[in-house]
Amino acid sequence: MPITAPPAWRQLAVTTPGHRYEVLIGAGLLQDARAWAGLPHGRSAVIVSNPQVHALYGNTVAAALAPLRDQVSHVLLPDGEQHKNWDSLNHIFDHLLAHTCDRQTLLVALGGGVVGDITGFAAATYQRGVPFVQVPTTLLAQVDSSVGGKTAINHPRGKNMIGAFHQPERVLCDLQTLATLPLRELRAGLAEVIKYGPIADVALLDWLEATLPALLQGDTTALAHAVHRACQIKADVVGQDEREIGLRAILNFGHTFGHAIEAGMGYGHWLHGEAVACGMVLAADLSAELGLIDAAFTQRLARLIAAAGLPVHAPAMPLARWFELMQLDKKAAAGDIRFVVIGPPGQAALRSAPRDVVERVIRRHSPKAGQEPAAA
Ligand code: NAD
Ligand code: GLY
């Protein structure tokens, strides 16, 4: 059934070979029946969240679902990246089985990327697949993780190592939910917005440089544009390469270094967006070392990242540990670590790099890797 979104909302479609769904972006859409209309029919819905987010928005979502389902129940997971694991996943399965949930049960992921990724994975695997809706409540989840159908949990040895591709039925980005987001989390989300500039849209970088103060103050008009443009770019990439055979890897700009930081520091210490922000500085520097961009572009990117209040210096970590962790990156092939590099700005590609060049980049940015850090 088509969605009749009011003009104040923005709307875009994600189309993959087996699926098509809408991303709705607007203020206050969670309590609006039009946002929920036309979802697949079923007897029950399960809202998956964490205590923090559920206390804020659980009742609103339950009220929206009540006219659509006979049974609406809630399952709460512990908050935090360190809980993106088997225990949380099993907690969802236990709940679904205890409530005799069937294949038409709708899972609703209410929260940030952690809740979204785990719920998506539960939806991909419970009874071999049930429908789910993403209700992202962090900026990071609205601009990235809720769109595109990547679902996963972490393994102690590596980020997002166990998961599946499973597209949601809809993504509801309510900009009002961002009003309660801690500033540190808002900044972390900006990292994934900034990411789309170097890989796909240099004009977005110009806009971000001009609009950063408004974004950091939570200006809804600015946030609406950021979420919409990010989702447009992501939908375009996912539409061309849902399963990351090639092109989709560009969305991982900064993530090879970033995932190593996240896992190396212990999940939950560096936020995902913070690790990606710093990883982008290293990935841009690597691109410059490979002669693909001017060093001036790395500096420009680092300036924007720093202005967003995000880290540009990598943590202290021995070189061997960096390589051990990067070897586990999902883009690695036959033991060869591969990086998303940019060049020219606005275009990205996946490639390997000589070990000595990568070492040089890490040494420049990570104290204790072997040398003093350079000013970014
Ligand atoms: P998160 O889910 O941990 O949320 C951050 C914090 O904000 C949590 O403490 C949460 O409880 C709190 N929170 C969420 N919404 C809130 C709100 N509206 N008000 C107040 N507090 C709120 O972190 P995240 O940054 O949203 O997501 C990071 C995760 O996303 C990582 O696990 C990462 O791997 C994953 N990710 C996945 C994809 C993908 O394509 N699937 C893409 C990017 C990132
Ligand atoms: N965030 C990377 C991707 O969705 O592919």
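Order of listing sets the numbers, starting from 1, for every ligand and every atom in it.
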Part of Leu271 within contact of ligand 1 (heavy atoms, under 4.0 Å): neither
Considering only heavy atoms, does His272 approach ligand 1 within less than 4.0 Å through its side chain, its backbone, both, or neither? side chain
Contact region, Asn160 to ligand 1, non-hydrogen atoms below 4.0 Å, reads side chain
In ligand 2, the atoms that come under 4.0 Å of a heavy atom of Lys150 are 2 (C), 3 (C), 4 (O), 5 (O)
Is Lys234 close enough to touch ligand 2? Criterion: a residue heavy atom under 4.0 Å from a ligand atom. yes
Below a 4.0 angstrom heavy-atom separation, can you tell me which part of Leu181, side chain or backbone, both or neither, approaches ligand 1? both
Ligand 1 to Asp144, heavy atom cutoff 4.0 Å, flagged ligand atoms 42 (C), 43 (C)
Measure Leu140 to ligand 1 on non-hydrogen atoms and call it side chain, backbone, both or neither using the 4.0 Å cut-off. side chain
Would you call the rings of Trp322 and Phe257 parallel, tilted or perpendicular, taking 30° and 60° as the class edges? perpendicular
Show your working on side-chain contact (heavy atoms from CB on, under 4.5 Å) between Val361 and His365 and close with a plain yes or no. CA-CA 7 Å; Val361 168; His365 295 271; 4.1 Å; yes
Hey, is Lys195 close enough to Asp144 for a salt bridge, meaning N to O under 4.0 Å? yes
Side chain, backbone, both or neither: which applies to Leu56 and ligand 1 if a contact is any heavy-atom pair less than 4.0 Å apart? side chain
Return yes or no for this condition: an N or O of Asp144 is under 3.5 Å from an N or O of ligand 2. yes
Have a look at ligand 1 and work out which part of Asn50, if any, has a heavy atom under 4.0 Å from it: side chain, backbone, both or neither. side chain
Within reach of ligand 1, part of Val114 (heavy-atom separation under 4.0 Å): both
Can Lys234 be said to touch ligand 1, with heavy atoms closer than 4.0 Å? yes
